[in-house]
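Following: one structure in structure tokens, then a few remarks.
Atoms within a ligand are numbered from 1 in the order they appear, just like the ligands themselves.
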Amino acid sequence: MSVNSIRRGRQAAVRSGPRLALVLTAVGALVVGTMIAFTPSASAGTTLGASAAERGRYFGTAVAANKLSDSVYTTILNREFNSVTAENEMKWDATEPSQNQFNYANADRIVNSARANGQQVRGHALAWHSQQPGWAQNMSGTALRNAMLNHVTQVATYYRGKISAWDVVNEAFADGGGGGRRDSNLQRTGNDWIEAAFRAARAADPGAKLCYNDYNTDGQNAKSNAVYAMVQDFRARGVPIDCVGFQSHFNAQSPVPNDYQANLQRFVNLGVEVQITELDIEGSGTTQANNYARVVSACLAISRCTGITVWGIRDTDSWRASGTPLLFDGSGNKKAAYTSTLNALNSGNPTQPPTTPPTGQPPTTPPTTRPPTTPPPGGAGCSATVSLNSWTGGFVATIRVTAGSSGTTGWAVSLTLPSGAAVTNTWNATASGSSGSVQFRNVSYNGRLNAGQSTEFGFQGTGSATGITPTCTVS
Ligand code: G2I
């Protein structure tokens, strides 16, 4: 068995269920033991990826597609890293330059390179106020909400099975002391836009971990407190969220916080994984090296800090190159920060993190296939179930449509709203009527379902929707 296949097995173990993980870990331990005894030149412990894998973590980097023809770059990439994130190529402006016309050419170059080299792929980012295509920047309200949900659905579906974790929503909270949401066109579609994006991502790729990702949340402060409250609320209400990404862009003005580890730990205590997603630390020499070691050690000290991604390879590849914030210099030489990072990864006991969540916490990784909440109908046709999130004066209804034994090429869901209730906003479906008897039809991308397959749409409303009973017909 090659070192690469051991590495892949361990990655699979980290992502899969506890039983498989235990088996793979046991097999891996035996093989590693053999390897150490008989192949002393094995790379474990001498590269960032191999050392992280020895601790059940990944070590990744941001990758730019246009650098994949640079052999100095790719030599380091494929020697050192076992996870990659597309630096820009999976963003909304790159993947959907015109509405509903998707371009995955550059993102695919990164994904294909990663798969050929045994690296996992983090998806970045599905919904973000920044780097939106011009057509989306000019949208608002229901049109933007639907466009965003369509984008999430299309991109996550296209990459289904190839992404270890998606940054579903990026940078949605405001800086400063207010502790609230960032104003943006997406935020103005309604406060529930984040959970709607997570639900759409889960429906599109149930096997990917779904992360919220942000910066200036690395220590306890008003912004991280607001993210914490959102994650706590999502966990309590069953909104699908598995992980929180801490970007960790540090410099003299924004140093590694003293409570970095404690802050990661409090999120883990909510039942989610944490990942360090865009690490770079401006500086040089010993100071920079020590800061890198602090960050790596903090992650290793937390069982469910599952991996670290640096935001580029050489200093010259960085979005802030003048701050020389990365692990390799412009010529590709290892810096002191590289050595301290590798040493931190190699120090301590080479134990795997527990593959089961801490006592009392529900598992966050969904099974690869999730059963529908009600069994699919025995015959042809379709069925619909509703889950309601209600508050005084309003609600969000999420309807799950499941195809019967013949599949669907289109569907319609009818329901009757109680008196006084009205639909104000719909996503992943078009509504006719807004009060009383209302009918929802599929949109272009979710009408076709195979037998037993499900899709979700939702609507927001005023008043109360308690007791609504959706019925589904094929069309
Ligand atoms: O700003 C640093 C990161 C903060 N968190 C989210 C990340 O997605 C973000 O990455 C940076 C990329 O490293 C830059 O490469 O995001 C920037 C855009 O917000 C990226 O910069 C863009 C430039 O603005 C564009 O002019 C340029 O065409 O990079 C593009 C591709 O080189």
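Between Glu195 and Arg237 a salt bridge is recorded (basic side-chain N to carboxylate O distance below 4.0 Å). The pair Lys162-Asp108 fails the salt-bridge criterion, with no side-chain N (NZ, NE, NH1 or NH2) lying under 4.0 Å from an Asp/Glu carboxylate O. Here Arg145 pairs with Asp192 in a salt bridge; the nearest charged N to carboxylate O distance falls below 4.0 Å. Using a 4.0 Å cut-off between charged nitrogen and carboxylate oxygen, Asp70 and Arg314 count as a salt-bridge pair.
Heavy-atom distances between His249 and ligand 1 reach below 4.0 Å in at least one pair.
Nearest non-hydrogen protein atom to atom 16 (O) of ligand 1 is Lys91 NZ, 3.1 Å. For atom 6 (C) of ligand 1, the nearest non-hydrogen atom of the protein is Glu171 OE2, 3.2 Å. Taking atom 4 (C) of ligand 1 as the reference point, the nearest protein heavy-atom neighbour is Glu278 OE1, 3.2 Å. Atom 32 (O) of ligand 1 has Asn88 ND2, 4.1 Å as its closest protein atom, hydrogens excluded (heavy atom only). For atom 19 (O) of ligand 1, the closest non-hydrogen atom on the protein side is Gln131 OE1, 3.1 Å. Looking only at protein heavy atoms, the nearest one to atom 10 (O) of ligand 1 is Trp311 NE1, 3.2 Å.
Checking atom 12 (C) of ligand 1 against the protein gives a heavy-atom contact under 4.0 Å. For atom 8 (O) of ligand 1, the nearest protein heavy atom lies closer than 4.0 Å. For atom 26 (O) of ligand 1, the nearest protein heavy atom lies 4.0 Å away or farther.
With Tyr228 as the aromatic partner, Arg266 meets the cation-pi criteria of under 6.0 angstrom to the ring centre and within 45 degrees of the ring axis.
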Original post:
Hey, mind stepping through Tyr212 and Phe234 against ring pair (Phe, Tyr, Trp, His ring centres under 6.0 Å) and telling me if it holds?
Top reply: CA-CA 11 Å; Tyr212 176 78; Phe234 280 13; 8.6 Å; no
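Near Glu87, the atoms of ligand 1 lying under 4.0 angstrom from a non-hydrogen atom of the residue are 12 (C), 13 (O), 14 (C), 15 (O). Atoms of ligand 1 found under 4.0 Å from any heavy atom of Asn170, numbered from 1 in the order shown, are 6 (C). Atoms of ligand 1 lying under 4.0 Å from any heavy atom of Trp128, numbered from 1 in the order shown and given with element: 6 (C), 8 (O), 19 (O).
Ring geometry for His151 against Phe102 counts as parallel: the plane angle stays under 30°, on a 0 to 90° scale with 60° as the upper cut.
Side chains of Gln275 and Lys209: no donor on one and acceptor on the other come within 3.5 Å.
Rounded to the nearest 0.5 Å, atoms CG (Asp218) and OG (Ser224) are 8.5 Å apart.
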